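Below is one structure, written out as structure tokens; the observations come after it.
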Amino acid sequence: MPRYNPAEIEPRWQAFWERHKTFATPEMPDLAGGKKKRYILDMFPYPSGDGLHVGHPEGYTATDIVSRFARMRGDSVLHPMGFDAFGLPAEEHAIKTGEHPRIQTYRNIETFTRQLKMLGFSYDWDRSLATTDEGYFRWTQAIFLVLYDTWFDAERQVGRPIAELPIPAEIAAEGPAAIARYQDRQRLAYQDDALVNWCPALGTVLANEEVVDGLSERGAYPVQRIPLRQWMLRITAYAERLEDGLDELDWPAGIKKLQRDWIGRSSGAEVDFYIGDQASFAGWMASRQGKPLTDVPAGDVLRVYTTRPDTLYGATYMVIAPEHPLVDALTAPSQAAQVKAYRDQASFKSDRERTEGDRAKTGVFTGSYAINPVHGQPIPIWVADYVLATYGTGAIMAVPAHDIRDFEFAVTFGLPVVPVIEPPADANDRDQVLAGKACFVGSGKVIGSGEFDGRDSADVKAEITQRLAGQGLGREAVNYKLRDWLFSRQRFWGEPFPILHEVDAQGQPTGVKRAVPDDQLPVKLPELADFKPHGRPEPPLEKAADDWLYVTLDGVRYKRETNTMPQWAGSCWYYLRYIDPKNTHALIDPVKERAWMPVDLYVGGAEHAVLHLLYSRFWHKVLFDRGHVSTPEPFGRLINQGMILGEVEFTGYQNEADEWVSSRDVRRDPQNNRVDARGSAVRAVVVPEDDVEKAGDAFVLKADPAIRIDSRAHKMSKSRGNVVNPDAVVREYGADSLRLYEMFMGPLEATKPWSMAGVGGVRGFLDRVWRMIVDERADEMGLSPAVVDEPCDAEQARVLHGTIKRVTEDTESLGFNTAIARMMEFTNFFTRCERRPREAMEAIVTLLAPYAPHVAEELWQCLRGDERPASDCVSTRAWPQWDEAALVQSEIEVPVQINGKLRGKVMVPAGADEAVVLAAAREDQRIAEMLSGKTLVKSIYVPGRLVNLVIK
RNA sequence: GCCGGAGUGGCGGAAUGGCAGACGCGCUGGAUUCAAAAUCCAGUGAUCGCAAGAUCGUGCGGGUUCAAGUCCCGCCUCCGGUACCA
């Protein structure tokens with residue numbers, strides 16, 4: 001009668017845990033007796049209107065198992081959950097319906113919370129937070145003001161209070177306003193004119209991700225790049241520390257590399273090219289001799305950045321970006337019209353667009369020349385958009401013989417290609433390169449470079465830089481691909497900036513800024529009547545009523561900053577707030593911070609590999625410099641859970657006549673449509689599994705084996721209709737089955753296809769565990785008569801302790817799939833036993849508890865009966881220990897190989913020495929037969945593992 | 001193009017250089033049942049064989065080793081990311 005019924009027991013145990021606060025986190029970790037603190041964190045979700053996706057519980061279950069396991073081993077565990085709740089969808093919903101984004105956001109949070117609780121996660125819900133909570137973003141604003149109050153001391157590589165910024169005497173002499181301007185230029189949070197994606201048709205500014213091929217993602221309207229005054233965060237100042245800090249982190253190598261590439265450190269040289277006439281070149285050279293390069297290039301030079309100073313002799317032309325400040329100065333009157341046309345055209349394209357597509361090189365000649373300092377020859381200066389204004393100096397020396405991009409450009413415009421590096425003898429297009437007909441980017445022997453000829457190019461690199469430095473023409477330089485972080489959005493649903501702009505009597509900004517005093521935080525969002533865009537590239541907060549917009553402080557009138565922060569802001573520091581979520585005096589209590597930080601395990605999707613993880617590392621380092629946190633890095637160990645794909649689908653193709661076309665013959669035409677071998681269109685058809693069979697390494701139609709069928713799992717998406725809803729899975733199989741299945745699918749990091757049949761499989765396992773312990777035929781809940789109060793026999797003990805050992809080790813190493821397999825083996829074994837000792841049953845239920853906590857609690861209660869105290873539960877039980885002695889077998893089976901092939905097995909006493917085992921192997925009847933008449937060349941015994949006899 | 005990751009039964013997957021395919025799904029047979037579901041038991045890489053067993057087998061081609069899914073060299077395919085950063 002009492003069958004396993006998750007729908008009944010799961011809500012009951014969830015209520016139990018909530019009532020007894022089973023998973024409440026201690027304020028401070030208890031480190032007595034060698035216990036550890038464990039901060040186990042999930043990347044918090046954006047609470048979308050669609051609710052939880054099956055991808056979410058994958059990582060959440062993994063961290064929940066780790067957390068429950070750690071608690072059972074006595075560690076102090078902090079395992080919180082919250083919501084990244086600012087964001088565009090809620091605002092778009094508001095624009096459509098007029099409903100305030102807050103209402104929809106909190107409704108979605110409620111849904112998410114219900115779904116998360118439904119899955120039995122052991123979060124301490126009393127620490128839950130949403131980035132949209134006023135009590136939370138009050139501190140997001142405070143941290144922004146820390147950034148605003150900090151400048152980066154490059155010499156010491158540390159962020160310091162702006163008050164400590166040394167003011168040059170000439171600035172100080174100009175007075176307080178000049179000092180303020182000087183300080184503003186050094187702050188980590190500063191304002192600058194940056195290009196934004198302005199979409200006139202939608203009347204809004206879009207994020208880069210919302211722009212596809214120059215058109216808005218929604219509606220496909222044209223998007224323009226227009227300059228707008230923006231808040232920027234000087235993350236580039238921390239580039240070096242962000243890169244160096246990666247070394248100490250226990251993160252996947254792939255993620256570290258992504259971050260390194262994103263930071264993109266390169267080293268080389270800056271070189272000044274004289275742009276005066278050739279007659280004055282010698283004089284200019286002489287005037288530079290022995291002087292250091294100025295920080296701001298003089299007006300008579302074009303400064304370039306190169307990573308290949310060793311190819312300087314091969315520089316045959318120069319390129320400057322269309323936005324380079326010297327474009328006008330360098331444009332000869334005869335070229336003016338062309339240059340202007342080219343720049344106009346380039347201005348409509350974003351950086352992204354300019355670097356997309358077929359990459360055909362475009363550009364125009366400016367009409368002027370620079371002089372190559374190493375040989376004094378003039379080389380033409382071009383304007384081309386393959387050079388970006390925002391990287392390096394916005395200008396390059398082009399070495400077409402040794403740079404692919406320069407080579408393509410030179411070929412397009414017929415510019416000379418002069419090889420200055422001889423490829424190694426085995427390079428396949430060596431002769432082509434030496435003839436100036438091909439490009440070679442490697443290192444080799446230097447040629448055509450005067451005194452450097454014959455040397456290795458790698459050595460020459462440093463030497464040329466040295467010489468240029470001595471001549472006052474160049475210096476070593478480091479560059480980063482990382483750009484400063486554009487931190488403001490023209491959006492309503494984000495954190496307001498705690499910044500005030502002084503206005504004069506006419507309401508015009510004076511340029512003086514002021515931080516909102518700490519005691520006046522948070523700056524709340526104003527109440528707006530409508531959220532519709534107003535058609536100007538200005539933030540929606542401009543529409544706020546004057547009593548919000550204007551503030552008078554100390555008799556001065558200010559207008560509030562009306563941009564809002566991007567969604568990343570709230571997620572940059574939420575891991576700190578969980579430690580001290582209710583603190584109204586500080587973002588975190590330093591004592592608690594020292595006790596709990598850093599995060600010991602951080603699990604989330606790889607899509608946050610660079611942005612979120614880099615941004616929060618940056619904020620953390622600033623907070624570290626300013627004394628708010630004690631660790632240089634926030635996240636010690638990081639794991640990316642793999643993506644869960646939809647069920648495997650079989651896809652066939654049919655042409656317009658409804659005839660099958662083998663997938664082998666299907667390809668994409670230039671418009672990316674599927675076509676057959678003759679080029680006529682085909683359409684994809686879903687084929688039922690029963691209609692296909694495997695033939696060789698592919699699937700074919702049973703009815704016509706000549707027709708190949710594609711078989712693969714796709715990313716879950718609404719449009720494909722293969723999204724699996726966790727609510728439905730819980731309804732049909734239970735939360736424990738969902739948890740168990742997601743862990744059983746394969747390794748946590750792997751991409752894996754969903755299979756509903758697989759969920760049924762783990763549900764079958766839980767049913768078997770249930771029947772192993774519960775008497776299903778009784779009317780009342782009670783123990784199976786097979787469960788007995790007697791000790792395990794030797795074999796049972798070996799299985800029991802072997803299982804404890806393997807499950808413990810696998811759980812420690814996050815090998816959840818194999819840990820579950822071990823528990824299945826245990827269950828298969830003990831189900832066959834007619835006498836199931838209670839100690840074994842209690843142990844398996846305890847091992848199962850982190851994985852399938854609800855059924856474990858129910859079975860625990862059944863095993864313990866009514867004598868247990870009301871608050872007793874398996875979730876707070878001690879994790880079992882295994883007994884090594886129980887694992888020892890008196891006899892072991894050793895496989896015997898002959899020449900590496902398995903030929904037999906012998907039983908030997910455990911711990912028998914090599915001679916005994918080898919003798920036993922040779923005496924085995926079958927082995928002896930195979931040995932007779934042969935010479936035994938070598939005998940190998942791997943203790944306890946195998947014997948290999950090498951014969952001739 | 002470049003950078004990651006992965007290729008093992010019908011499927012998901014398991015294997016400190018040491019018995020390839022644990023565990024689960026599916027499938028086959030049997031028990032139970034009036035019957036079915038559920039459950040339990042047995043089998044299940046391929047080929048040959050009545051069987052004992054033999055041969056082959058971890059994307060492909062080489063190599064190292066007594067022994068290779070695992071290590072090395074060279075390829076192929078798929079998935080994901082990325083896009084002229086001088």
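Just so we're clear, the structure is a prediction, and the values are computed from it rather than from any experiment. All values below were derived from every heavy atom in this structure, side-chain atoms included, with hydrogens, water molecules and symmetry-related copies excluded. The chains referred to below are lettered A, B, ... by the order of the sequence lines, with proteins before strands, and numbering in each begins at 1.
At the heavy-atom level, E607(A) lies nowhere under 4.0 Å from the strands shown. Counting any heavy atom pair closer than 4.0 Å across all strands shown, N817(A) reaches sugar-phosphate atoms only and no base atom. Nucleic acid contact for R926(A): sugar-phosphate only, since backbone atoms but no base atoms lie under 4.0 Å from a heavy atom of the residue. T307(A) comes within 4.0 angstrom of the backbone, heavy atoms only, and of no base. Residue contacts for R832(A): at a heavy-atom cut-off of 4.0 Å it reaches the sugar-phosphate backbone alone, with no base atom in range. At the heavy-atom level, D767(A) lies nowhere under 4.0 Å from the strands shown. Counting non-hydrogen atoms under 4.0 angstrom, V950(A) reaches the backbone sugars and phosphates but no base.
G4(B) and G57(B) have their P atoms separated by 32 Å, with the value rounded to a whole Å. When the C1' atom is compared between C40(B) and C19(B), the two are found 30 Å apart, to the nearest whole Å. The same atom, C1', is picked in G26(B) and in G13(B); the two are 14 Å apart, to the nearest Å. Distance noted for atom C1' between A20(B) and A68(B): 11 Å (whole Å). With C1' as the reference atom, G74(B) and C79(B) are 23 Å apart, rounded to whole Å. Taking the P atoms as reference points, G45(B) lies 9 Å from G21(B), given to the whole Å. Look at the C1' atom in both C76(B) and A67(B): the space between them is 28 Å, to the nearest Å. Look at the C1' atom in both G10(B) and C60(B): the space between them is 23 Å, to the nearest Å.
Of all nucleotides listed (C66(B), C84(B), A15(B)), A15(B) comes nearest to the side chain of T818(A). Checked against C3(B), C19(B), C84(B), the side chain of E893(A) finds its nearest nucleotide in C19(B). When each of G18(B), C84(B), G24(B) is scored by its nearest atom to the side-chain atoms of N828(A), the top-ranked nucleotide is G24(B). If you check A86(B), C23(B), C19(B) against the side chain of L902(A), the one that comes closest is C19(B).
Pairing each heavy atom of G394(A) with each of V387(A), the nearest pair is O-CG1, 3.5 Å.
With its glycosidic angle within 90° of 0, G9(B) is assigned syn.
Look at K752(A) and you won't find any side-chain N or O under 4.0 angstrom from OP1 or OP2 of G12(B). Listed pair R903(A) / A54(B) meets the phosphate criterion, a side-chain N or O lying under 4.0 Å from OP1 or OP2. Applying the 4.0 Å criterion to OP1 and OP2 of C66(B), one finds that S939(A) has every side-chain N and O outside that range. Residue K715(A) places no side-chain N or O under 4.0 Å from the OP1 or OP2 atom of C79(B). Neither OP1 nor OP2 of G12(B) sits under 4.0 Å from any side-chain N or O of R712(A). Applying the 4.0 Å criterion to OP1 and OP2 of G24(B), one finds that R768(A) has a side-chain N or O inside that range. An OP1 or OP2 oxygen of U65(B) is reached within less than 4.0 angstrom by no side-chain nitrogen or oxygen of N948(A). For C56(B), one of the phosphate oxygens OP1 or OP2 lies less than 4.0 angstrom from a side-chain nitrogen or oxygen of K901(A).
Annotation for K934(A): atom NZ does not count as buried by contact number, only 12 or fewer foreign heavy atoms lying within 6.0 Å.
Residues F409(A) and Y317(A) place their aromatic rings such that the two centres sit under 6.0 Å apart.
Annotated stems with RNA chain B as a participant read B:1-7 with B:76-82, B:10-12 with B:23-25, B:26-31 with B:39-44, B:45-48 with B:53-56, B:59-63 with B:71-75, given as range with range, by first number; only runs of 3 or more Watson-Crick or G-U pairs under 3.5 Å qualify.
Distance CZ (R945(A)) to C1' (A15(B)): 10 Å, rounded to an integer number of Å.
Of the residues V374(A), I464(A), L468(A), N372(A), the one that meets the side-chain contact (heavy atoms from CB on, under 4.5 Å) test with V271(A) is L468(A).
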